[in-house]
> 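Below is one structure. I have some questions about it.
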Amino acid sequence: MGLLRLIGFCLPDAPGVPVSPPPPPLLPPGRRRLLLLLLLIMLAVWLCMVYSCAAAGSPPPGSSAPARRAHGPALSKLLLLRAPAAKGQLSPEQESSDEEEDPEDDAPAPDPPCSISSFLNGSGTKRLPQALIVGVKKGGTRALLEFLRVHPDVRAVGAEPHFFDRSYERGLTWYRDLMPRTLDGQITMEKTPSYFVTKEAPARIAAMSKGTKLIVVVRDPVTRAISDYTQTLSKKPDIPTFESLTFKNRTTGLIDTSWSAIQIGIYAKHLENWLLYFPIGQILFVSGERLISDPAGELGRVQDFLGLKRIITDKHFYFNKTKGFPCLKKAEGSSKPHCLGKTKGRTHPNIDQKVVQRLREFYRPFNMKFYQMTGQDFGWD
């Protein structure tokens with residue numbers, strides 16, 4: 001009888017039969033509304049995560065390569081610290097994109113599976129970068145960027161934007177739209193090594209923000225030039241020999257400084273241009289050699305320079321004996337380690353030692369001046 005009352009029927013009670021009160025509803029109205037609200041919130045979060053994961057696979061605005069995209073910091077990313085490879089003969093200020101980096105080097109390490117962190121990476125605000133890795137090509141810039149991505153307070157563009165050398169006319173709004181979203185306290189970064197040898201780049205960056213922090217990864221200019229040549233040789237096997245490109249006149253030993261592989265290594269000359277717009281204390285010089293021999297030590301200096309807590313330490317690295325370079329460990333629970341860079345460790349062509357010695361003599365005074373300007377002895381001589 002009581003059940004009939006609950007569903008809306010009103011029947012007279014039988015005489016003498018006690019009528020039990022109707023049972024209370026399963027949940028009070030207030031709790032039911034709270035439960036419904038929680039379910040709606042969970043649905044909204046799930047939809048946002050799905051949207052964020054789908055968007056993560058999209059290329060940045062202006063990019064024609066779908067694989068090139070901005071990635072968030074992930075401890076599961078690995079990078080083989082590369083021995084910089086090579087480049088061909090072009091003006092350092094107008095190098096073609098196919099000679100900037102190997103395609104697989106320019107593409108960052110793959111993202112981990114979509115998760116709550118991926119959802120959080122989709123929030124925040126797009127900002128102009130507060131720090132730039134501006135050089136040098138074939139010095140270890142990709143390695144440094146991927147190492148820095150381990151830090152939770154660093155967000156970086158994966159592909160090289162080339163804004164301050166090739167796309168400046170597109171404007172800062174276009175440039176900012178390429179950047180990943182950041183939360184308060186995070187640093188936005190990008191790296192384009194050709195900035196260091198682009199005459200207009202320092203003034204353009206200073207116009208964006210005079211407070212921009214600059215990082216330059218440098219390497220023995222002789223080794224860098226040979227590595228530069230090696231990459232071009234792998235793409236264009238019919239190019240002239242290293243020796244013929246190095247000299248204007250082999251008999252007199254006159255070096256051809258118009259060849260970009262040689263010109264890039266005259267670091268002191270390029271640095272003079274940057275010091276017209278930025279104080280030396282606003283530029284950090286990272287040793288490409290020490291990035292291999294002591295990655296945690298160099299990363300410690302970089303984190304200090306950027307005002308970051310020293311989170312990246314020795315525990316994040318292991319040495320790959322096969323490749324001969326340090327790698328970053330993957331996050332706990334990963335199946336196996338992965339080192340970025342299939343092209344790393346290319347065998348360099350045999351170069352006449354007399355040519356190598358002549359190059360060392362050529363670079364020595366420039367190296368000495370560079371040591372004085374930076375206050376660091378990189379030990380190349």
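All figures in this text were calculated on a predicted structure; none of them were measured in a lab. Heads up: numbering here begins at 1 and tracks the sequence.
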> Got a donor-acceptor contact below 3.5 angstrom from the Gln186 side chain to the Pro152 backbone?
yes
> With sequence neighbours left out, which residue pairs that include part of residues 305-314 fulfil the side chain to side chain donor-acceptor pair (under 3.5 Å) condition?
Asp304-Arg310
> Quick one: does any side-chain atom of His270 pair with a main-chain N or O of Gln263 as donor and acceptor, under 3.5 Å?
yes
> Compute the ring centroids of Tyr267 and Phe366, then answer whether they are less than 6.0 Å apart.
no
> Assess the side chains of Tyr195 and Glu160: does a donor N or O sit below 3.5 Å from an acceptor N or O?
no
> What closest approach, in Å, do Val136 and Phe196 show between heavy atoms, and which atom pair accounts for it?
CG1-CD2, 3.5 Å
> Donor-acceptor pair, Thr188 side chain versus Arg155 backbone, under 3.5 Å?
no
> Which atom pair, heavy atoms only, marks the closest approach of Asp352 to Lys354?
OD1-N, 2.9 Å
> If you define the side chain from C-beta out and look only at heavy atoms, does anything of Pro129 sit under 4.5 Å from Leu132?
yes
> So, Glu190 side chain and Ala156 main chain: donor-acceptor pair closer than 3.5 Å or not?
no
> Please identify which of these residues, Trp274, Phe370, Phe305, Phe378, meets the ring pair (Phe, Tyr, Trp, His ring centres under 6.0 Å) condition with Phe285.
Phe370
> Mind checking whether Thr223 and Trp380 have side chains closer than 4.5 Å, heavy atoms only?
no
> Indicate whether the side chain of Ser167 and that of Glu169 have a donor and an acceptor atom separated by less than 3.5 Å.
no
> I'd like to know if the side chain of Asn320 reaches the main chain of Pro326, judged simply by a donor and an acceptor atom lying under 3.5 Å from each other, with no hydrogens or angles considered.
no
> Between Leu128 and Met179, is any pair of side-chain heavy atoms under 4.5 Å apart?
no
> Tell me, please, which residues at least two apart from Arg204 pass side chain to side chain donor-acceptor pair (under 3.5 Å).
none
> Looking at Thr192 and Ser194, would you say the former's side chain and the latter's main chain have a donor-acceptor pair under 3.5 Å?
no
> To the nearest 0.5 Å, what is the distance between CG on Leu37 and CE on Met42?
12.0 Å
> For the side chain of Tyr363 and the backbone of Ile262, is there at least one donor-acceptor N/O pair under 3.5 Å apart?
yes
> Before accepting this row, confirm whether a basic side-chain N of the pair Lys126/Asp177 lies closer than 4.0 Å to the acidic partner's carboxylate O.
yes
> List the steps and the verdict of ring-ring contact (aromatic ring centres under 6.0 Å, His included) for Phe319 and Phe325.
CA-CA 6 Å; Phe319 192 79; Phe325 299 106; 7.8 Å; no
> Hey, does Asp165 have a side-chain heavy atom less than 4.5 Å from the side chain of His162?
yes
> Tell me, please, which residues at least two apart from Glu272 pass side chain to side chain donor-acceptor pair (under 3.5 Å).
Lys369
> Hey, can you tell me if Tyr229 and Trp259 have their rings parallel, tilted or perpendicular (30° and 60° cut-offs)?
perpendicular
> Which heavy atom of Gly139 sits nearest to which heavy atom of Arg219, and what is that distance?
CA-CB, 4.2 Å
> Salt bridge or not between Arg301 and Glu298? Use side-chain N to carboxylate O under 4.0 Å.
yes
> Let me confirm one number: the CG-OG1 distance from Asp256 to Thr246, rounded to the nearest 0.5 Å.
8.5 Å
> What's the spacing between Gln303 CD and Ile311 CD1 if we round to 0.5 Å?
7.0 Å
> Indicate yes or no for a side-chain donor-acceptor contact from Gln130 to the backbone of Gly211 under 3.5 Å, with no hydrogens or angles considered.
no
> Within the 4.5 Å heavy-atom criterion, are Val286 and Val216 side-chain neighbours or not?
no
> First locate atom CZ of Arg358, then atom CZ of Phe247, and finally report the distance between them rounded to the nearest 0.5 Å.
6.5 Å
> Treating Thr230 as the side-chain partner and Ile226 as the backbone partner, does any N or O pair qualify as donor plus acceptor under 3.5 Å?
yes
> Between the side chain of Arg224 and the main-chain N/O of Lys137, is any donor-acceptor distance below 3.5 Å?
yes
> Could you tell me the separation between the CG atom of Leu271 and the CD1 atom of Ile283, rounded to the nearest 0.5 Å?
5.5 Å
> Once rounded to the nearest 0.5 Å, what's the spacing between atom CZ of Arg360 and atom CD of Gln353?
8.5 Å
> Hey, does Pro221 have a side-chain heavy atom less than 4.5 Å from the side chain of Asn367?
yes
> Taking the side chain as C-beta and beyond, is there a heavy-atom pair between Ile280 and Leu275 under 4.5 Å?
yes
> Indicate the atoms forming the closest heavy-atom contact of Leu145 with Val157, along with that distance.
CD2-O, 3.6 Å
